[in-house]
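Notes follow the structure.
Throughout, protein chains are lettered first and strands after them, A, B, ... in sequence-line order, and every chain is numbered starting at 1. Nothing here was measured: the structure is a model prediction, and the numbers come from that model.
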Amino acid sequence: MINALRGMKDTISPTSEIYAHIIETCTKIAQNYGFSFIETPILEETALFKRSVGESSDIVGKEMYQFIDKGENDVCLRPEGTAGVVRAFIQQKFDKAGGVRRFFYHGPMFRYERPQKGRLRQFHQFGAETFGEGSVREDATIILMLKAIFESLGIGYTLEINSLGCPACMPLYKLKLVQFLETLDGLCEDCQRRKLTNPIRVLDCKNEHCKILLADAPLIVEHLCSTCKEDFATLRSILDQFNVAYVVNPKLVRGLDYYSKTAFEFVSNEIGAQSAIAGGGRYDRLVEFLDGKPTFGVGFAMGIERLMELVKMPEVKREGYYIGALCEEAKSVVYNLVIQKRETSKVLTQYEPKSLKSHLSNADKNYVKFCVCIGEDELSKGVVWVKDLESKEEKMIKLENF
RNA sequence: GUGGGUGUAGCUCAGUCGGUUAGAGCAUCAGGUUGUGGUUCUGAGGGUCGUGGGUUCGAUCCCCAUCACUCACCCCA
């Protein structure tokens, strides 16, 4: 027997209905916010992710599905969605055309990790990106949009925000942080490495000993330049104004290297250790890293599988027909009726004749509203027997009027 | 990559201190006097007890290995 690969899942009804419901809800809200759908390839050149996500990140460092294709191209399955969208944006020369553009996407992402609750090797994200808008109001808008999505889906969350600073203040802060880290003794192995590759990540270390050592670490929020400071204050005041509850987490750093200024994460405490349900922020430098003309960028991504555990589906109503034959002679009449009725309604059937009891039972299991049967009596009179499974009302209807 | 837990029917799980035909509930199918579901009653089908080796007169049970699933670390959505 051949099974699906580790960390890859089939999504089947009723779970698939929840998946579709999430996509539908997100799509509608994103459209209300002026975003348009973009679909980009799942397979991209490896260099795209190395340059955007960053070689120091674990995603690129050890989690990519990377291989050489038959044309000797170094390619990989996308581990996240932003890079491809930015690549498409630049390829379409939207950076040169200028103006503001908003895109949303959804689809599979691939990371070669050890699976656990809320973490798959092939998982699905819904995300959105705004290009060419430098105002922090866009950052706030994206958070408000996520709030609207989660409210519509009936999902509880907590929101953490932070500012990572810009090229004017971040490098100075980084120096200060490294100086501080040099004074520490006994940081974990990972942190020793991070100190050199990406010192900001040390702040995010979960190691208990490191946490204690880092208690007095300088924080980026205290070293922001005046612009970043102002923007962060504006963001907070907008969130306050619209009653979005949040906590400032000065140690929140995003796992992808391209973020600057606003960073945020939506977290749930009901889905296990992998608790982030959406994350995002600003990436004003990313377009130029990928050879485009400098263009502002903000966006987010959310993990659909993690959301699925939290979404309660609205109750479904009985819908459509089930049509069955009670005798051999009625088979073809039933079949014709089924095909004809499907032009307007949902219709289920059973090709072989069965007892009335069996048909009713099938109709009920399929949760249709009407059970329709044709037997010898109905054939001779040119009628069909129809039962409303909710009201239990039964009728004989002329074949041509059905 | 590292650690813990679990593998018995389609699903959820009992069970055998090692002993002959391995059980239940749910689900499926068929019936309950010749055409009435979501509530009952009766019956049937369905298992090489994850796989491979070892110990033993005998292993689903004990031991070893292996694989799979799962949770956690790490990382992230």
Whole angstrom is fine here: how far is it from [atom1] in [X] over to [atom2] in [N]?
| X | N | atom1 | atom2 | value |
| --- | --- | --- | --- | --- |
| A:Asp364 | B:U39 | CG | P | 8 Å |
| A:Phe266 | B:A77 | CZ | C1' | 13 Å |
| A:Phe370 | B:G38 | CZ | P | 20 Å |
| A:Asn362 | B:G37 | CG | C1' | 10 Å |
| A:Met64 | B:G1 | CE | P | 18 Å |
| A:Phe49 | B:A77 | CZ | P | 14 Å |
| A:Tyr321 | B:G37 | OH | C1' | 18 Å |

Go through the N and O atoms of the side chain of [X] and the base of [N], and report whether any donor-acceptor pair is under 3.5 Å.
| X | N | answer |
| --- | --- | --- |
| A:Gln116 | B:C74 | yes |
| A:Lys392 | B:G38 | yes |
| A:Glu376 | B:G35 | no |
| A:Lys357 | B:G32 | yes |
| A:Arg119 | B:C74 | yes |
| A:Arg306 | B:C76 | yes |

task: Take atom P in B:U36 and the same atom in B:G31, then report the distance between them in whole Å.
output: 12 Å
Between B:U8 and B:G23 - C1' atom distance, rounded Å: 10 Å
Who is the Watson-Crick or G-U wobble partner of [N], with both distances under 3.5 Å?
| N | result |
| --- | --- |
| B:C49 | none |
| B:A27 | none |
| B:U6 | B:A68 |

message: Would you say the rings of A:Phe150 and A:Phe266 are close, in the sense that their centroids are separated by under 6.0 Å?
response: yes
Measure from the side-chain heavy atoms of [X] and tell me the nearest of [options].
| X | options | answer |
| --- | --- | --- |
| A:Arg318 | B:A72, B:G35, B:G37 | B:G37 |
| A:Lys387 | B:A72, B:A77, B:U36 | B:U36 |
| A:Gln274 | B:G37, B:A77, B:C73 | B:C73 |
| A:Leu389 | B:U36, B:G37, B:A72 | B:G37 |

task: Grab the two heavy atoms, one from A:Thr82 and one from A:Tyr105, that are nearest each other, plus how far apart they are.
output: N-OH, 3.9 Å
query: More than 12 heavy atoms of other residues, nucleotides or ligands under 6.0 Å from CD of A:Glu329: is that the case?
result: yes
message: Which residues pass the side chain to side chain contact (heavy atoms under 4.5 Å, CB included) test with A:Ser380, not counting sequence neighbours?
response: none
statement: Taking for A:Ala301 and for A:Trp385 the nucleotide of RNA chain B with the nearest heavy atom, the one nearer the 5' end belongs to A:Trp385
- request: Using heavy atoms to find the nearest nucleotide of RNA chain B for A:Leu5 and A:Glu390 separately, return the residue whose nucleotide is more 5′.
  value: A:Glu390
- line: The reported gap from CG in A:Asn269 to OG1 in A:Thr158 (rounded to nearest 0.5 angstrom) is 7.0 Å
- prompt: Is A:Ser260 reaching over with its side chain to a backbone N or O of A:Cys166, donor-acceptor style, under 3.5 angstrom?
  reply: no
message: Test your reading of the model: is there a side-chain donor-acceptor pair from A:Arg78 to the backbone of A:Pro108, 3.5 Å cut-off?
response: yes
- prompt: Residues from residues 11-48 of chain A sitting under 4.0 Å of RNA chain B, heavy atoms only?
  reply: none
message: Is a donor from one side chain sitting under 3.5 angstrom from an acceptor on the other, for A:Glu129 and A:Tyr283?
response: yes
- prompt: Would you say the side-chain atoms of A:Asn73 and A:Glu45 include a donor-acceptor pair closer than 3.5 Å?
  reply: no
Verify the contact: side-chain N or O of [X] to OP1 or OP2 of [N], cut-off strictly under 4.0 Å; return yes or no.
| X | N | result |
| --- | --- | --- |
| A:Lys9 | B:U70 | yes |
| A:Lys365 | B:C29 | yes |
| A:Arg114 | B:C74 | no |

